[in-house]
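First the structure, in the form of structure tokens, and then the observations on it.
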Number of protein chains: 2
Amino acid sequence: MGVSKTSSYTEIQIETANRLKALGHPARIAIVQFLLNQKECICNDIVNELPLAQPTISQHLKELKNAGIIQGTIEGKAICYCINPKVIKDLVSFFNSILSNFHPEDQCC
Amino acid sequence: MGVSKTSSYTEIQIETANRLKALGHPARIAIVQFLLNQKECICNDIVNELPLAQPTISQHLKELKNAGIIQGTIEGKAICYCINPKVIKDLVSFFNSILSNFHPEDQCC
DNA sequence: TTTATATATTGCAATATTACGATATATTAT
DNA sequence: ATAATATATCGTAATATTGCAATATATAAA
């Protein structure tokens, strides 16, 4: 006892958690994958592809956008969404640093 | 019109989303990082480290365990939790496949 | 200007998550 | 057997997420 629990979370922990949370839904995983398989990444194509109503897709896109994972630009009356690769690269770095800290000989299970 | 939205989610999309969701909370990020920085990965040490009550930590550990990210073994009256590196490696593979599908020349924004 | 198309926002119901006090369980120490 | 320690579970309140119908906005087409 006597140990004070003063530690809160670091900015990096919070930002990483926000990004992973944004990707932590099958519809949003599917959206990201769909965007990458299309040359034209138009919002309406996602609505036609996924089994969700248009407002729900719009909501998921907003969450991905808020987390910085995608960005959108207006293309006439449509909106084109694209991946931000830097965020994905940051996540890969995060997991790789986890793996580099992993020492099997220290594991008790 | 005429396009039926028959597609649901694949098993991989669902599993990946579950794992990312499990990591999508700063406390669970902190837990994973803490486990990797300790040789002895004892649950009670996490309780002393993080600014959360013991039942809350227990609940977060359960979610990480359900997602397969950690596993625990009984060590006397304590429980030792460890990372499952395969799950992290799977996530790195997932993000790398996203990056390999990313073609800047196809992006509209 | 009217109509059609594409997307966003609002409002709302159902469900899930988060956090914790109280309590249960299980092991160890006395 | 009793007490102490470590962890899990239960119950519950507060909040967040998910999904959608209805509606608003904005651009393009007629």
Side-chain angles (χ1 to χ4, degrees), chain A residues 1-3 5 7-9 13-14 17-31 34-35 38 40-67 70-82 108-109, chain B residues 1-3 5 7-9 13-14 17-31 34-35 38 40-67 70-82 108-109:
Chain A
M1 55 253 225
V3 180
K5 296 192 275 186
S7 79
S8 187
Y9 308 118
Q13 285 171 335
I14 292 168
N18 281 339
R19 289 168 171 180
L20 295 178
K21 186 181 179 185
L23 289 168
H25 189 290
R28 295 193 288 268
I29 294 281
I31 288 172
F34 183 76
L35 288 185
Q38 302 298 114
E40 303 280 313
C41 38
I42 300 299
C43 175
N44 192 246
D45 296 338
I46 304 170
V47 173
N48 288 326
E49 177 73 9
L50 294 194
L52 292 171
Q54 178 267 322
T56 308
I57 299 286
S58 189
Q59 192 172 267
H60 283 306
L61 287 168
K62 191 180 185 180
E63 283 180 63
L64 287 170
K65 200 162 53 176
N66 286 343
I70 63 174
Q71 59 195 81
T73 55
I74 298 172
E75 295 261 325
K77 67 182 166 180
I79 292 188
C80 170
Y81 280 104
C82 296
C108 52
C109 47
Chain B
M1 58 256 219
V3 180
K5 295 192 277 188
S7 79
S8 189
Y9 308 117
Q13 286 170 335
I14 293 168
N18 280 339
R19 289 168 171 180
L20 295 178
K21 186 180 177 185
L23 289 168
H25 189 290
R28 295 193 289 268
I29 294 281
I31 287 171
F34 183 76
L35 289 185
Q38 302 297 115
E40 301 280 313
C41 38
I42 299 300
C43 175
N44 191 246
D45 297 337
I46 304 170
V47 173
N48 288 327
E49 178 72 10
L50 294 193
L52 292 171
Q54 179 267 322
T56 307
I57 299 285
S58 189
Q59 194 172 265
H60 283 306
L61 287 168
K62 190 179 185 181
E63 282 180 64
L64 287 171
K65 200 162 55 175
N66 285 344
I70 64 174
Q71 61 195 80
T73 55
I74 299 172
E75 294 263 325
K77 68 180 166 182
I79 292 189
C80 171
Y81 280 105
C82 297
C108 52
C109 45

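Numbers restart at 1 for each chain; the letters A, B, ... are given by sequence-line order, proteins then strands. Keep in mind that what you see is a predicted model, and the values were worked out from it rather than measured.
Regarding A:Leu64, its CG atom lies at a distance of 14 Å from the C1' atom of D:dT18, rounded to whole Å. Atom CD1 in B:Ile57 sits about 14 Å away from atom C1' in D:dA6, given to the nearest Å. Atom CG in A:Asn66 sits roughly 15 Å away from atom P in D:dA16 (whole-Å rounding). Rounded to an integer number of Å, the gap from CG of B:Leu50 to C1' of C:dT18 is 14 Å. Between B:Leu52 atom CG and C:dC20 atom C1' the separation is 10 Å, expressed in whole Å. Per the geometry, CD1 belonging to A:Ile31 stands 13 Å off C1' belonging to D:dG19, to the nearest Å. One can place CG of B:Asp45 at 8 Å from P of D:dT7, the figure rounded to the nearest angstrom. At whole-Å resolution of the value, CD1 in B:Ile42 and P in C:dA26 are 19 Å apart.
Of the side-chain N and O atoms in A:Thr56, none sit less than 4.0 angstrom from OP1 or OP2 of D:dT18. Checking the phosphate oxygens (OP1, OP2) of C:dA8, a side-chain nitrogen or oxygen of A:Ser58 falls inside 4.0 Å. Not one side-chain nitrogen or oxygen of B:Tyr81 sits closer than 4.0 Å to the OP1 or OP2 atom of D:dA6.
Put simply, the side chain of A:Ile29 reaches to within 4.5 Å of the side chain of B:Leu20, judged on heavy atoms. A heavy-atom distance below 4.5 Å is not found between the side chains of A:Leu23 and A:Arg19. For the pair B:Leu61/B:Ile46, a side-chain contact is recorded, criterion being any heavy-atom separation below 4.5 Å from C-beta on.
Taking the six-membered ring where tryptophan is involved, the planes of B:His25 and A:Tyr9 are perpendicular, since the angle between them exceeds 60° and thus also 30°.
Distance from the side chain of B:Asn44 is smallest to D:dT7 among D:dA8, C:dA8, D:dT7. Each of C:dA8, C:dT9, D:dA8 was ranked by its minimum atom distance to the side chain of B:Cys43; first place goes to D:dA8. For B:Ile79, whose side chain is taken as the heavy atoms from C-beta onward, the closest listed nucleotide among D:dC20, D:dA8, C:dT9 is D:dA8. Between D:dC20, D:dA8, C:dA19, one nucleotide has an atom nearer to the side chain of A:Pro55 than all others, and that is D:dC20. Residue B:Lys77 has its side chain nearest to D:dA6 when only C:dG21, C:dA8, D:dA6 are considered. When the nucleotides C:dA19, D:dA6, C:dA8 are ranked by their closest atom to the side chain of B:His60, C:dA19 comes out on top. Each of C:dA6, D:dC20, C:dA19 was ranked by its minimum atom distance to the side chain of B:Gln59; first place goes to C:dA19.
Taking both residues in full, the closest heavy atoms of A:Thr73 and B:Cys108 are given as OG1-O, 3.5 Å, listed atom of the first, atom of the second, then distance. In terms of heavy atoms, B:Leu52 sits closest to B:Ala27 at CD1-CB, 3.7 Å. Scanning both residues, B:Lys21 and A:Gly24, for their nearest heavy atoms gives CB-O, 3.6 Å.
Atom CD1 of B:Ile57 and atom CG of B:Asp45 lie 11.5 Å apart (nearest 0.5 Å).
For D:dA6, the base has no donor-acceptor partner in the side chain of B:Gln54 [N/O atoms by modelled type, under 3.5 angstrom].
Summary of the strand contacts: A:Glu63 and A:Glu75 both lie near DNA chain D, and taking for each the nucleotide with the nearest heavy atom, the more 5' one is attributed to A:Glu63.
Within residues 21-29 of chain A, the residues that have a heavy atom under 4.0 Å from DNA chain D are, in order of number, A:Lys21, A:His25, A:Arg28.
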